[in-house]
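Here the structure comes first, spelled out in structure tokens, and everything after it is commentary.
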Amino acid sequence: TQSTRPQRLLNAVQKNATRGDPRSVVKAIDDFCRHKEWAMNVGDEKGCILDSVVSEINPAAVLELGTYCGYSTVRIARLLPPHAKLITLEFNPDFAAIARQVIAWAGLEEKVQLVEGASGDWIPKMKEQFGITTFDLVFLDHWKDRYLPDTKLMEECGLLRKGSVLLADNVICPGTPDYLEYIRSSPRYESRYFKSHLEYTKVEDGLEKSVFKG
Ligand SMILES: O=C(NC/C=C/[C@H]1O[C@@H](n2cnc(C(F)(F)F)c2)[C@H](O)[C@@H]1O)c1cc([N+](=O)[O-])cc(O)c1O
Ligand SMILES: [Mg+2]
């Protein structure tokens, strides 16, 4: 049977990274995607911007929308203080199965809760299911047409507090025009664009960091 790209990415991690060493897992995936097969991880260039935002916030509660193979999950979780929690949502069970193994290889299972399903189903249940009051950081990297509806849903469900940070990948490529329009024109957010490049390419892309004003 043919292997899938996520399976080949996991194989590269298990072959080239050291168990329990998140940095080596991140490097193994970046090397694989740069030299073997491109994959839609946030990547090393935008990943450094992600790292700086995570380190600045030092969040206790993080939500990631779009786990895929777990690359940004590992990038974020490796920087979290003890007892901090990262909940990552993944819709595709095959991707989730790969991501669980990548997260385990990095030795970060304790800090990560991978939840399978749709954002529309899970966002309203975050408080009751996981004892979350509000998220300090949300990383949006899932289907680009879901960024806006899910942001509105998080607002409605009271999951954002004054100072909560939304960090959105791909606001240029593939692009999230309705989300950008909303977040940049809303008086309830202070937004800033971090110009970068689409992972492993020279194409422009960037991250939009938006602070909720409550
Ligand atoms: O399409 C892109 N990303 C879509 C990413 C989608 C990923 O998010 C999951 N998801 C869907 N709903 C949920 C929720 F919320 F329910 F959990 C999670 C999907 O199953 C998939 O693994 C993309 C494309 C390019 N590109 O260059 O084409 C570059 C990138 O960085 C990208 O992120
Ligand atoms: Mg992305």
Side-chain angles (χ1 to χ4, degrees), residues 40 42 45-68 72-73 75-77 79-81 83-91 111-113 115 117-198 204-214:
M40 60 181 178
V42 72
E45 192 179 319
K46 288 185 287 179
C48 285
I49 301 167
L50 171 62
D51 290 354
S52 62
V53 171
V54 174
S55 302
E56 174 198 350
I57 298 170
N58 210 28
V62 183
L63 175 63
E64 174 178 64
L65 298 175
T67 316
Y68 186 44
S72 49
T73 319
R75 273 205 93 108
I76 296 167
L79 297 175
L80 294 182
H83 315 302
K85 265 274 174 239
L86 166 56
I87 295 174
T88 182
L89 274 183
E90 178 47 57
F91 180 78
K111 292 181 182 289
V112 176
Q113 171 121 36
V115 179
S119 46
D121 299 336
W122 277 105
I123 287 173
K125 293 192 291 195
M126 281 293 155
K127 290 181 183 255
E128 73 188 271
Q129 290 290 323
F130 304 108
I132 295 285
T133 50
T134 56
F135 286 108
D136 305 306
L137 171 65
V138 181
F139 182 53
L140 298 94
D141 193 21
H142 60 325
W143 295 319
K144 306 317 162 193
D145 60 357
R146 290 296 313 174
Y147 284 27
L148 182 51
D150 288 344
T151 296
K152 290 180 173 173
L153 188 55
M154 286 186 286
E155 289 173 10
E156 286 153 23
C157 295
L159 287 168
L160 305 178
R161 56 149 173 93
K162 184 173 170 41
S164 290
V165 172
L166 303 186
L167 189 65
D169 190 26
N170 310 119
V171 296
I172 302 301
C173 178
T176 62
D178 60 343
Y179 173 80
L180 269 193
E181 160 61 30
Y182 173 81
I183 210 88
R184 289 176 173 174
S185 60
S186 167
R188 302 179 73 187
Y189 292 91
E190 285 295 321
S191 286
R192 178 182 161 193
Y193 173 61
F194 290 79
K195 183 174 179 187
S196 184
H197 294 94
L198 180 68
E204 181 180 344
D205 188 25
L207 301 173
E208 187 83 359
K209 177 189 174 195
S210 305
V211 182
F212 188 59
K213 311 310 282 179

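Note that the coordinates shown come from a computational prediction; the quantities given were computed from them, not determined experimentally. All heavy atoms count here, side chains included; hydrogens, waters and symmetry mates do not.
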Pairs touching residues 126-140 that satisfy salt bridge (Lys or Arg N to Asp or Glu O under 4.0 Å), sequence neighbours left out: D136-R161
Could you name each residue pair satisfying ring pair (Phe, Tyr, Trp, His ring centres under 6.0 Å) that touches residues 159-185, not counting sequence neighbours? Y147-Y179
Output for pair (K111 NZ, T73 OG1), nearest 0.5 Å, gives 14.0 Å
Minimum heavy-atom distance between P59 and A84, given as atom pair plus value: O-CB, 3.5 Å
Short side-chain to backbone donor-acceptor contact, S186 and I183, under 3.5 Å: no
Partners passing salt bridge (charged side-chain N to carboxylate O under 4.0 Å, His left out) against D51 (at least two apart in sequence or in another chain): R75, R78
If I take atom CZ from residue R188 and atom NZ from residue K213, how far apart are they, to the nearest 0.5 angstrom? 12.5 Å
Counterpart residues, ring-ring contact (aromatic ring centres under 6.0 Å, His included), relative to Y189 (two or more places apart): F212
Does the side chain of L50 reach to within under 4.5 Å of the side chain of S72, using non-hydrogen atoms? yes
For residues 151-175, pull every pair meeting ring pair (Phe, Tyr, Trp, His ring centres under 6.0 Å), keeping only residues two or more places apart or in separate chains. none
Would you please test L65 and F139 for side-chain contact (heavy atoms from CB on, under 4.5 Å) and show each step? CA-CA 6 Å; L65 298 175; F139 182 53; over 6 Å; no
Smallest heavy-atom separation, I172 atom then G206 atom, equals CG1-N, 4.2 Å
Is the shortest heavy-atom distance from the side chain of T176 to the side chain of D145 under 4.5 Å? no
K195: what forms a side-chain contact (heavy atoms from CB on, under 4.5 Å) with it, not counting sequence neighbours? Y193, E204
Is any side-chain heavy atom of N58 less than 4.5 Å from a side-chain heavy atom of L80? no
Do D205 and S196 get their side chains close enough for a donor-acceptor pair, meaning under 3.5 Å? no
For the CD1 atom of I49 and the CG atom of L207, what is their distance to the nearest 0.5 Å? 5.0 Å
Take L160 and L166 through the test side-chain contact (heavy atoms from CB on, under 4.5 Å) and record every step on the way to the result. CA-CA 9 Å; L160 305 178; L166 303 186; 4.0 Å; yes
4.5 Å side-chain heavy-atom contact, L153 and S119: no
If you measure from CG on L63 to CG on L137, what distance do you get to the nearest 0.5 Å? 9.0 Å
Working to the nearest 0.5 angstrom, can you tell me the gap between R192 CZ and S210 OG? 11.5 Å
Is any side-chain heavy atom of H142 less than 4.5 Å from a side-chain heavy atom of D150? yes
E155 atom CD, over 12 foreign heavy atoms within 6.0 Å: yes
Going by heavy atoms in the side chains, are I123 and L159 under 4.5 Å from each other? yes
Side chains of D169 and V42: does their closest heavy-atom pair fall under 4.5 Å? yes
Between T67 and L89, is there a donor-acceptor pair closer than 3.5 Å when you use the side chain of the first and the backbone of the second? yes
What one should report as the nearest heavy-atom pair of L180 and V171 is CD1-O, 3.7 Å
Could you give the distance from OG1 (T151) to CD (E156), rounded to the nearest 0.5 Å? 10.5 Å
E181 meets the salt bridge (charged side-chain N to carboxylate O under 4.0 Å, His left out) criterion, sequence neighbours left out, with none
Nearest heavy-atom approach of P177 to G175 is CD-C, 3.5 Å
Hits for ring-ring contact (aromatic ring centres under 6.0 Å, His included) against F135, two or more places apart or cross-chain, chain-then-number order -> none
Do L140 and E64 come close enough that some side-chain heavy atom pair is under 4.5 Å? no
Note: C173 and L198 closest approach over all heavy atoms is O-CD1, 3.7 Å
Does a donor on one side chain sit under 3.5 Å from an acceptor on the other, for Q113 and T88? no
Go through the steps for E90 and V115 under the test side-chain contact (heavy atoms from CB on, under 4.5 Å), then give the verdict. CA-CA 6 Å; E90 178 47 57; V115 179; over 6 Å; no
Salt bridge (charged side-chain N to carboxylate O under 4.0 Å, His left out) against E208, all qualifying residues, sequence neighbours excluded: R184
Which residues pass the salt bridge (charged side-chain N to carboxylate O under 4.0 Å, His left out) test with K209, not counting sequence neighbours? E56
F130: ring-ring contact (aromatic ring centres under 6.0 Å, His included) partners, not counting sequence neighbours: W122
What pairs meet the ring pair (Phe, Tyr, Trp, His ring centres under 6.0 Å) rule with one or both residues in residues 153-173, with sequence neighbours excluded? none
